[in-house]
Amino acid sequence: ILNSRIELVGLSKSDNHFPIELSIIPIRLKGKYVFSAFLRDITLRKKAEDDMNQAVEQSNELARMKSRLMSMASHEFRTPLTTIKANAEMLEYWSNGLEKNLRNKADRYISRLLGEVDRLTSIMNDMLVIGRLESGKTRLKKRSNDIVYLSTEIVDKNFSNEKDGRKVDVKIIGSPYFVLIDESIYEHILNNLLSNAFKYSQNAKAPVLTISFKNTNRIRLSIQDYGLGIPEEEVESVFNAFYRSENTRQIKGTGMGLAIVKQFAGIHRIDIKVFSAINVGSEFVLEFDKD
């Protein structure tokens, strides 16, 4: 027990128990040892520790309740949304038998209905992802990947058929090497950033994806668009949940996409930064180690 701190229970003159800390230090004097003991009342410290542990447990319980609520809400909404979408598609089929002027009007309403169903489904999916992230249920599953092949595959699968005909301009800098990465997390991050790049740069040049391989075994990805840009005073807020820049309010969105990207990047130890200027465009930069 020498040179250590030991927690014990003391008894006061008023017969009350209280926590104490005992330290015993050996001191050599004239070839012999004497021992110096220190007793300290740690009641306040233990109370602070208990309060902190209780607060942490309450916070964890709130997070678990929030996760369960979001998961339940997502699943409960999914059934009626599926029913609404199925019936809207039946109405769309039925409208083909109408006269042209009535069919055009019906198609417009049905298209609006299907669009809102898809939007609400997207919100539910985002809520489910955030719930899983905050409850700690999302786990890394890294494996060695050819990140150039993986990136081009994601681009081809999800962004090769844009309505305006634009295609992602993919650039490779340096000599490629394999990277340890979680495919699903990487795909979610890249999908979200490229989707935003197209959404907020209509009638502009196509977004550019640049993958740079550094000699230090560190990879740098850049997703750049030439669209609306983000106001300087709002750049630091774009990763907050439900936050949307003032100049993007006329464009549909949930404000959760970048918050999810930020959390996924944190799980994967990916550094993420954003550079932007109004009416010039935005650049999101990801940097991470190959291992």
Side-chain angles (χ1 to χ4, degrees), residues 66-134 137-138 150-168 183-204 206-207 209 223 225 227-228 241-245 248-261 263-264:
K66 181 180 176 182
S67 174
R68 288 195 294 269
L69 178 62
M70 294 175 81
S71 178
M72 182 183 70
S74 296
H75 288 297
E76 289 299 318
F77 274 106
R78 201 175 301 277
T79 300
L81 282 173
T82 302
T83 303
I84 293 169
K85 186 170 184 177
N87 281 276
E89 289 172 345
M90 287 298 294
L91 284 173
E92 189 175 37
Y93 175 77
W94 167 80
S95 70
N96 291 330
L98 296 175
E99 296 179 8
K100 185 175 181 181
N101 61 328
L102 292 176
R103 185 171 68 246
N104 291 339
K105 193 173 183 179
D107 287 347
R108 186 165 64 252
Y109 290 135
I110 293 168
S111 176
R112 189 182 302 165
L113 177 61
L114 287 171
E116 290 304 311
V117 168
D118 289 341
R119 179 168 173 266
L120 193 51
T121 300
S122 177
I123 292 174
M124 291 298 102
N125 289 337
D126 285 345
M127 286 178 61
L128 199 57
V129 171
I130 286 180
R132 290 183 64 83
L133 284 169
E134 292 185 349
K137 291 181 180 178
T138 301
L150 180 60
S151 301
T152 52
E153 191 177 48
I154 292 169
V155 168
D156 290 341
K157 181 172 68 174
N158 300 303
F159 302 98
S160 60
N161 195 27
E162 293 297 308
K163 290 181 180 179
D164 58 10
R166 290 185 297 166
K167 295 185 182 297
V168 180
E183 292 180 24
S184 62
I185 286 180
Y186 178 73
E187 181 170 3
H188 192 104
I189 291 174
L190 194 57
N191 268 340
N192 189 283
L193 294 178
L194 285 173
S195 178
N196 282 352
F198 276 106
K199 184 192 299 184
Y200 300 115
S201 68
Q202 295 176 14
N203 303 317
L209 168 63
I223 296 92
D225 69 61
L228 297 175
F242 304 107
Y243 186 87
R244 303 199 70 211
S245 299
T248 63
R249 296 298 171 87
Q250 75 280 8
I251 301 173
K252 288 184 179 180
T254 64
M256 290 192 287
L258 288 178
I260 294 173
V261 165
Q263 291 197 53
F264 270 142

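FYI, the numbering just counts along the sequence from 1.
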Can you tell me if Asn161 has over 12 outside heavy atoms packed within less than 6.0 Å of its CG?
no
Report, as yes or no, whether the 6.0 Å neighbourhood of atom CG on Asn203 holds more than 12 heavy atoms from other residues, nucleotides or ligands.
no
I want to check something: taking the side chain as every heavy atom from C-beta on, are Leu258 and Leu193 in contact at a cut-off of under 4.5 Å?
yes
Could you tell me if the side chain of Leu190 sits less than 4.5 Å from the side chain of Leu150, heavy atoms only?
no
Result of checking Leu209, Asp156, Leu194 against Ser151 for side chain to side chain contact (heavy atoms under 4.5 Å, CB included)
Leu209
Atom of [X], atom of [Y] and distance for their closest heavy-atom approach:
{"X": "Pro207", "Y": "Arg166", "answer": "CD-NH1, 4.2 Å"}
{"X": "Gly257", "Y": "Asn192", "answer": "CA-ND2, 3.2 Å"}
{"X": "Ile154", "Y": "Phe159", "answer": "O-CD1, 4.2 Å"}

With rounding to the nearest 0.5 angstrom, report the [atom1] to [atom2] distance, [X] to [Y].
{"X": "Glu187", "Y": "Lys157", "atom1": "CD", "atom2": "NZ", "result": "3.5 Å"}
{"X": "His188", "Y": "Ile260", "atom1": "NE2", "atom2": "CD1", "result": "4.5 Å"}
{"X": "Asn191", "Y": "Ser184", "atom1": "CG", "atom2": "OG", "result": "11.5 Å"}
{"X": "Tyr200", "Y": "Thr248", "atom1": "OH", "atom2": "OG1", "result": "5.0 Å"}

Please output the side-chain donor-acceptor pairs of residues 82-94 that fall under 3.5 Å, not counting sequence neighbours, one pair per line with the distance.
| residue | atom | partner | partner atom | Å |
| --- | --- | --- | --- | --- |
| Thr82 | OG1 | Arg78 | O | 2.8 |
| Thr83 | OG1 | Thr79 | O | 3.1 |
| Lys85 | NZ | Asp118 | OD1 | 3.3 |
| Asn87 | ND2 | Thr83 | O | 2.7 |

Name the atoms and distances for all side-chain donor-acceptor pairs under 3.5 Å in residues 101-109, with sequence neighbours left out.
| residue | atom | partner | partner atom | Å |
| --- | --- | --- | --- | --- |
| Arg103 | NH1 | Leu98 | O | 3.1 |
| Asn104 | ND2 | Lys100 | O | 3.4 |
| Asp107 | OD1 | Ser95 | OG | 3.0 |

